[in-house]
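This chain uses plain numbering: 1 for the first residue, then up along the sequence. Quick caveat, the model's predicted, so the values are computed rather than measured.
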Amino acid sequence: MTSTTVPKTVEIAIIGAGVVGLASALRLAGEGREVLLIDPNEPGSGASFGNAGTIAEYACMPVGNPGVLRALPKLLLDPDSPFSLRWAALFQLAPWLVRFVRQSLPAATRANALALAGLLTEALPAWGEMVQEAGLQDLMRRNGCLYVYRRESDFAASAGGRALRAELGVHQQVLTAEQVAALEPRLAEVEARGLFFPDSINVSDPKTVMARLAAAATARGVQFMGASVTGLATEAGGVRLSGPGLAITAQKVVVAAGALSRALAAQAGDRIPLDTERGYHLEFPTAAPLLNRPVCPVDLGFYMTPMEGRLRVAGTVELGGFKAPPNPRRLALLDRGVRQFFPDLGQPSSQWLGFRPSLPDSRPVIGPSARSPDVIYAFGHGHLGLTLAPITARLVAEVVHGTNRALLSGFRSDRF
């Protein structure tokens with residue numbers, strides 16, 4: 001989806017056509033702004049396509065927390081754990097890991113959860129607006145999300161997270177094994193405890209969601225350009241963007257390039273410790289839905305999400321950068337895990353590897369560059385890109401027209 005004629009100057013250029021870039025383009029164009037969206041790939045084809053499809057308004061607990069910190073040595077040394085590291089990338093990842101450990105301490109965990117909860121409070125209302133604007137009503141499933149704890153020790157270890165979510169106003173319900181079975185009768189019988197988030201929404205097909213967002217943005221006048229931005233320079237007359245076949249000056253630039261945003265931010269003068277989580281999914285064709293909602297077996301660290309004609313198994317965390325090929329152990333881990341619940345599944349119909357933009361404190365960067373008010377950041381959403389895209393778009397639009405809410409203080413680019 002590339003415009004045939006691209007201007008040499010534009011009011012707002014957005015770098016990155018993932019869900020955050022698409023939502024921001026739709027919002028800004030709806031306010032009458034001239035918007036150019038730049039991405040070398042099809043809009044919404046990266047992590048925005050490959051995610052677990054959950055709009056997780058409950059997910060205020062950061063990835064780094066005291067429980068993860070206590071288990072980190074075991075997690076990193078066990079190649080079959082939900083949190084793994086490609087050791088060839090250790091030297092490159094060491095600074096990020098040091099920051100991650102610091103952000104997993106109790107005081108930092110609480111501060112990070114508090115910041116995320118403030119953003120998540122507005123996530124569902126913002127999604128409601130975007131659903132109407134882009135005609136997504138038929139793709140939304142409002143059945144909540146279920147965490148399954150197969151060991152009493154895992155449930156007990158999660159007490160701190162439950163207490164903090166309750167304190168921050170998250171709607172959650174503790175379930176018995178019988179109540180879990182009543183919600184999801186097709187799951188293989190397990191002696192499980194459950195934690196149910198009744199307000200959560202999931203989408204039946206992320207690819208279709210992205211296509212409709214792109215179509216809605218186009219209908220509002222957004223232009224798309226298939227190109228890579230490799231150069232970003234602030235000037236008196238705006239921000240100059242360059243790359244192969246690209247030379248554009250914009251009054252304002254929104255950097256929403258996901259895991260590729262760090263180099264662009266550095267050119268704007270901001271050192272941001274963004275790195276990459278390698279995310280995987282498998283899909284299994286199903287004649288009828290096997291589940292009524294996304295289900296996360298907590299000990300396995302992935303989601304099983306019913307989608308249109310298939311079951312998607314997505315998740316786990318692998319640190320290791322962009323260049324390495326897909327890790328067959330991670331895909332095999334997903335395959336073995338899902339068969340513990342659905343032993344009669346056939347062979348997967350597809351597999352996927354994508355890249356989540358990850359910051360040590362699990363908070364995205366949203367708001368103006370510390371060096372240039374004409375560069376606005378909207379990246380680093382980690383596991384919450386789909387969830388936070390519409391509220392991020394709203395905040396980006398507010399920054400463009402000069403509003404700087406107190407909410408943004410927790411997501412500043414210079415907080416590091």
Before giving the answer on salt bridge (Lys or Arg N to Asp or Glu O under 4.0 Å), spell out for D154 and R150 the whole-Å C-alpha distance, their side-chain angles and the decisive distance to 0.1 Å. CA-CA 7 Å; D154 290 336; R150 298 190 293 172; over 6 Å; no

Answer yes if the side chains of R141 and N202 hold a donor-acceptor pair under 3.5 Å, and no otherwise.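 On atom types as modelled, these side chains do not qualify, holding no pair under 3.5 Å.
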
Q351 and E283 side chains, donor-acceptor separation under 3.5 Å: no

Quick one: does any side-chain atom of [X] pair with a main-chain N or O of [Y] as donor and acceptor, under 3.5 Å?
X: S372; Y: S369; value: no
X: R142; Y: I201; value: no
X: T176; Y: Q179; value: yes
X: T54; Y: A56; value: no

Between atom OG1 of T121 and atom CD of E57, what is the distance when rounded to the nearest 0.5 Å? 9.5 Å

Separation of Y303 OH from L146 CG (nearest 0.5 Å):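 Atom-to-atom, L146:CG and Y303:OH are 10.0 Å apart.
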
Intermediate values then yes/no, salt bridge (Lys or Arg N to Asp or Glu O under 4.0 Å), D414 and R412: CA-CA 5 Å; D414 59 357; R412 292 166 55 102; 2.7 Å; yes

Under the criterion side chain to side chain contact (heavy atoms under 4.5 Å, CB included), which of L290, V148, V295 is the partner of E184?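 Only match with E184 under side chain to side chain contact (heavy atoms under 4.5 Å, CB included): V295.
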
Which residue is it: R220, M130, E398, E129? I am looking for the one with a side chain to side chain contact (heavy atoms under 4.5 Å, CB included) to R27.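 Passing option: E129.
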
Can you find a heavy atom in the side chain of [X] that is under 4.5 Å from one in the side chain of [Y]?
X: Y377; Y: V396; result: no
X: L319; Y: D275; result: no
X: E167; Y: R162; result: no
X: F342; Y: M304; result: yes

Within 45° of the axis and under 6.0 Å from the centre of the six-membered ring of [Y], does NZ or CZ of [X] qualify?
X: R278; Y: F322; value: no
X: R330; Y: Y280; value: no
X: R312; Y: F49; value: yes

Evaluate the salt bridge (Lys or Arg N to Asp or Glu O under 4.0 Å) criterion for residues R415 and D361: first the C-alpha distance (whole Å), next the side-chain angles of each, then the deciding distance (0.1 Å), finally the verdict. CA-CA 10 Å; R415 70 181 187 267; D361 59 3; 2.8 Å; yes

With salt bridge (Lys or Arg N to Asp or Glu O under 4.0 Å) as the criterion, how do R262 and D270 come out once you've worked through the C-alpha distance, each side chain's angles and the decisive distance to 0.1 Å? CA-CA 9 Å; R262 182 171 67 176; D270 295 292; over 6 Å; no

Nearest non-hydrogen partners of L334 and G315, listed with the distance: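 The answer is CD2-O, 4.4 Å.
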
Yes or no on side chain to side chain contact (heavy atoms under 4.5 Å, CB included) for L26 and V222, after CA distance, side-chain angles and deciding distance? CA-CA 8 Å; L26 182 61; V222 174; over 6 Å; no

